[in-house]
Amino acid sequence: MGLGQIYNRQYIKGILMLLLHGLGLYYIVLNLKEALWGIITLGEKAQQLELVGKVYKMVPGDHSIFLIVQGLIVLFGLIVFGYVYIANIKDAYKVGKSLEQGIRPHNFIESLKYVSQHRFPQLIISVPLLFVFFFTVLPLVFSVMIAFTNYSSPKYLPPANLIDWIGFDAFKQLFTLNKWANTFYGVLKWNVIWAVLATVSTFFGGFGVALLVQSTRTRLKSVWRTIYILPFAIPSFVSYLIMRNMFNSQFGPINQYLKWIGIQGPSWLSDPTWAKVTVLLVNLWHGYPISMLLIIGILTTISKELYQAAEVDGASAFQKFRMITFPSVMYSLSPILIGMFAGNVNSFSAIFLLTNGNPANSEYQFAGNTDILITWLYNLTMNQGNYNFASVIGIIIFIILATLSIWNVRRTRSFKEEDLN
């Protein structure tokens with residue numbers, strides 16, 4: 001790397017790239033063998049007590065998780081080095097072709113000016129992309145790899161023990177063992193129901209409020225908009241914790257109010273059915289304001305001439321809504337609606353802060369009646385130490401969301417007509 005630039009008489013650039021080449025090779029040669037050994041074997045010697053003199057001391061061994069992470073860092077560094085090396089070859093070839101045409105190559109100062117003027121966006125975005133590569137893509141690859149190991153407590157937790165590659169055994173157990181399979185399918189079913197109802201309720205709840213606020217008969221519109229946006233303005237964790245106390249079946253004010261009018265309030269958070277109804281109601285209260293704001297913004301852009309022409313043709317209020325208002329809103333918001341659905345599939349805070357997955361379900365493995373996949377994943381990792389099963393669930397969540405999101409976005413009118421705008 002850099003010899004092509006030196007041959008093209010770009011000496012400073014070539015020397016700098018040659019130094020980069022030397023440093024990259026030094027790092028890779030020094031670490032690649034150990035990185036590959038660590039990823040393949042996951043270590044050979046566990047932590048153990050050894051007699052040192054007359055005293056037993058704990059002697060550290062190989063840490064399987066550290067070996068995976070360190071190995072991935074080296075391999076990702078190798079990928080970056082390879083990308084830079086290919087870019088170096090393309091650069092030398094391009095400058096060489098220019099020399100053959102009699103064009104003088106840029107010197108180092110001119111190259112810096114060219115980059116700052118013509119490649120400034122690429123230069124600025126390259127650093128964040130590098131961070132994304134190492135701090136987003138690498139952890140994702142690591143979590144996928146964990147799914148193919150036996151990394152779970154209490155038997156296989158480093159550094160006391162080594163972990164091993166087990167292939168697709170965790171996937172098979174999740175889908176075939178009765179306890180795990182019942183939990184997975186039960187949680188997945190509720191997760192889908194939750195995501196669909198939470199998305200539909202917040203969207204159409206916001207739609208209805210937006211239509212009422214923007215109605216020509218409504219006065220003090222700015223006041224109503226301010227009032228309706230308050231649930232969204234309060235931090236979500238504060239709202240959920242407050243609602244959790246309000247829906248307390250014994251001491252909560254909601255049941256107290258119902259008792260005053262002679263109604264026995266239900267067990268909002270301790271009954272399986274009512275707990276699910278409660279999280280949907282609270283999510284509706286907390287989520288409709290953002291839909292309302294987005295829809296109000298679109299309603300203000302719809303030409304009034306369309307409604308006037310519809311009135312001339314004798315269209316009813318419902319026909320104007322069905323033929324003008326609803327299609328206009330869906331054209332702009334359908335990609336956002338898909339994003340809302342994806343967000344509700346992984347709506348961790350709503351479930352965790354309101355019910356913590358409860359009430360408990362004796363037929364489930366480390367999950368409650370209101371747990372969704374993401375809260376079940378959290379419980380498996382933070383409370384149970386079943387990291388491999390949690391990684392399997394994470395992979396399944398990604399596959400479901402990626403497939404549904406890509407398929408639905410590609411079917412929207414806004415995506416199909418993107419090239420026409």
Side-chain angles (χ1 to χ4, degrees), residues 39 42-43 46-47 63-73 134-177 179-191 194-195 236-237 240 279 342-402:
I39 289 179
L42 300 181
Q47 176 180 281
H63 197 298
S64 300
I65 300 302
F66 290 171
L67 289 176
I68 295 176
V69 174
Q70 291 164 1
L72 286 176
I73 291 173
F134 279 96
F135 296 105
T136 301
V137 178
L138 190 151
L140 287 174
V141 173
F142 169 77
S143 66
V144 171
M145 294 175 69
I146 289 297
F148 298 93
T149 70
N150 57 356
Y151 183 29
S152 61
S153 65
K155 188 177 180 181
Y156 301 104
L157 280 183
N161 301 285
L162 298 175
I163 64 176
D164 297 306
W165 296 109
I166 60 171
F168 288 91
D169 286 357
F171 291 85
K172 294 177 182 177
Q173 293 177 25
L174 184 64
F175 290 109
T176 57
L177 291 182
K179 199 72 171 180
W180 286 104
N182 290 338
T183 307
F184 173 73
Y185 291 121
V187 172
L188 178 62
K189 179 182 177 181
W190 161 238
N191 202 157
W194 153 261
S236 58
F237 79 94
Y240 290 136
V279 294
N344 284 321
V345 170
N346 284 330
S347 183
F348 176 82
S349 57
I351 301 296
F352 182 77
L353 293 175
L354 280 172
T355 65
N356 196 21
N358 294 317
N361 190 326
S362 59
E363 298 180 358
Y364 284 179
Q365 187 83 342
F366 311 123
N369 281 283
T370 58
D371 265 317
I372 57 177
L373 290 176
I374 191 68
T375 57
W376 185 34
L377 184 154
Y378 173 86
N379 192 35
L380 287 175
T381 54
M382 302 303 295
N383 299 328
Q384 306 300 328
N386 289 310
Y387 300 99
N388 55 344
F389 281 104
S391 296
V392 172
I393 296 169
I395 294 171
I396 293 171
I397 293 173
F398 170 77
I399 293 173
I400 293 173
L401 286 184

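Along the sequence shown, the residues carry numbers beginning at 1.
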### Task
Identify, with sequence neighbours excluded, every residue that meets ring pair (Phe, Tyr, Trp, His ring centres under 6.0 Å) alongside Tyr378.
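Partners of Tyr378 under the ring pair (Phe, Tyr, Trp, His ring centres under 6.0 Å) test: Phe348, Phe352.
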
### Query
Got a sec, which residues hit ring pair (Phe, Tyr, Trp, His ring centres under 6.0 Å) with Phe175, two or more places apart in sequence or on another chain?
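Scan of Phe175 (ring pair (Phe, Tyr, Trp, His ring centres under 6.0 Å), adjacent residues dropped) gives Phe184.
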
### Task
Give a yes or no answer on whether the side chain of Asn388 reaches the backbone of Thr149 with a donor-acceptor pair at less than 3.5 Å.
yes

Checking [X] now: which residues fulfil side-chain hydrogen bond (donor to acceptor under 3.5 Å, both in side chains) with it, not counting sequence neighbours?
X      : result
Asn386 : none
Asn161 : none
Ser64  : none
Thr375 : Asp371

### Task
May I have all residue pairs that pass side chain to side chain donor-acceptor pair (under 3.5 Å) and include part of residues 356-368, sequence neighbours excluded?
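Every pair satisfying side chain to side chain donor-acceptor pair (under 3.5 Å) with a residue in residues 356-368: Asn361-Asn369.
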
### Query
So which pairs with a foot in residues 166-177 pass side chain to side chain donor-acceptor pair (under 3.5 Å), sequence neighbours left out?
none

Which residues pass the side-chain contact (heavy atoms from CB on, under 4.5 Å) test with [X], sequence neighbours left out?
X      : result
Ala342 : Leu401, Ser405
Val144 : Phe148, Ile395
Asn182 : Asn178
Asn379 : Phe366, Asn383, Gln384

